[in-house]
Amino acid sequence: MKLATWNVNSLNVRLPHVMKWLEENPTDVLCIQETKLTDDKFPAGTIEAAGYHVVYTGQKTYNGVAILSKLPITDVVKNNPKFEDLQQRILAATIDGVRVVCAYVPNGQAVDSDKYEYKMAWLSAFHDWIKEEAAQHPQLAVVGDYNIAPEDRDVHDPAAWEGMVHVSPKERAALTRLLDIGLVDAFRLFEQADKSYSWWDYRGLGFRLNKGLRIDHILLSDALKQRCTACVIDRVPRKWEQPSDHTPVIATFS
DNA sequence: ATGGCGCGCATCGCGCGA
């Protein structure tokens, strides 16, 4: 079983990229963030025609998440029951006995902004809810765009980023607290190349100069960790024409 | 200190992302 997460930065623009990537990379479950589509405009037909079940929740212009799956999707939950939020950032579903949470964590904009306060409150409520999900579902994968680089080695220029949003101590502490529930960062279960990132700025030749951040993560419960045989970042779609600024992260399970 | 790039929405600049 292969499980992937990808922030597509508008599914309207990136649907061809997603379909091409799925053709070239057989994937059982794909979690998508930043669809930027209301549900009436979601391209469910195209996705279903490719052999996927799909669930989604979106809004105009911002946010929006979806889960694509070759196997049936059950017990779907939209948003965090513990956090009233008009922003569509969370989908949870059960697929083949695995509880999958697809999350688009708020960006936070700047540490002194209201959006950062919202990010921290969102993460606190997310922790409380995931703690319950973990208790109910031993096989749990919490994946998505976390907008947090866990460590300095996940940042192309830690000195320049010090204290900034995505790396601030409070954000990293919130991620650690989530891991303390009993989750692990699948990417770090395996040997990885230095300077591995999942996002690169569109500006200033960010990708070509590998000026990136690793902010998209696959977090696994212990039971799923035992089944995880690989976790990689696929940089290829970031090289395509008109790419998303994020690229997929993929975990393989026995 | 500012803007770089891309997207959506709305027009011919702006908010937002990271």
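Throughout, a chain's letter reflects where its sequence line sits, starting with A, and its residues are numbered from 1.
In this structure, A:Y146 reaches neither bases nor backbone, as no heavy-atom distance under 4.0 Å exists between it and the strands shown. Residue contacts shown for A:N7 are limited to sugar-phosphate atoms, with no base heavy atom under 4.0 Å away. If you check every strand for non-hydrogen atoms under 4.0 Å, A:D145 touches sugar and phosphate atoms only.
With the nearest nucleotide of DNA chain B identified for both A:V13 and A:Q109, A:V13 has the one nearer the 5' end. Mapping A:N9 and A:N147 onto DNA chain B by nearest heavy atom places A:N9 closer to the 5' end of the strand.
At a cut-off of 3.5 Å, with distance as the only test, no side-chain donor of A:S113 or A:Y118 sits close to an acceptor on the other residue. No side-chain donor-acceptor contact under 3.5 Å links A:N9 and A:S244. Looking at A:H17 and A:W6, their side chains never bring a donor and an acceptor atom within 3.5 Å of each other. Of the N and O atoms on the side chains of A:Y146 and A:D185, not one donor lies less than 3.5 Å from an acceptor on the other residue. A donor atom on one side chain and an acceptor atom on the other are found under 3.5 Å apart for A:K2 and A:T252.
Between the side chain of A:N107 and the base of B:dA18 there is at least one donor-acceptor pair of N/O atoms closer than 3.5 Å.
In this structure, CG of A:D157 is placed 19 Å from P of B:dA18, rounded to the nearest angstrom. Rounded to an integer number of Å, the gap from CD of A:E34 to P of B:dG6 is 15 Å. When rounded to the nearest whole Å, the span between CG of A:D114 and C1' of B:dG17 equals 17 Å. Nucleotide B:dG17 holds its C1' atom 13 Å from the CG atom of A:D216, rounded to whole Å. Rounding to whole angstrom units, NZ of residue A:K119 and C1' of B:dA18 are separated by 9 Å.
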Shorter than 3.5 Å, N or O on both sides, protein versus nucleotides 9-15 of chain B: list them out with atom names.
residue: B:dC9; atom: OP1; partner: A:T61; partner atom: OG1; Å: 3.2

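Residue A:D40 qualifies as enclosed at atom CG: its count of foreign heavy atoms under 6.0 Å is above 12.
Of the candidates B:dA18, B:dG17, B:dG8, the closest approach to any side-chain atom of A:N12 belongs to B:dG8.
Between A:R227 and A:D222 there is no salt bridge, since no side-chain N of the basic residue sits under 4.0 Å from a carboxylate O of the acidic one.
Other residues sharing the hydrophobic cluster of A:W200, ordered by chain and number and joined by side-chain separations under 4.5 Å: A:Y197, A:F207.
Stems are defined here as 3 or more consecutive Watson-Crick or G-U wobble pairs with pairing distances under 3.5 Å; those involving DNA chain B are B:5-9 with B:13-17.
DNA chain B is contacted by A:H166 of residues 160-179 of chain A, taking any non-hydrogen atom closer than 4.0 Å. Of the residues in residues 237-246 of chain A, those placing a heavy atom less than 4.0 Å from an atom of DNA chain B are A:Q242, A:H246, in numerical order. Within residues 195-204 of chain A, the residues approaching DNA chain B are A:W199, A:Y202, A:R203, by heavy-atom distance under 4.0 Å.
Side chain of A:T176 to backbone of A:R172: a donor-acceptor contact under 3.5 angstrom is found.
Looking only at side-chain heavy atoms (C-beta outward), A:K70 and A:D28 come within less than 4.5 Å of each other.
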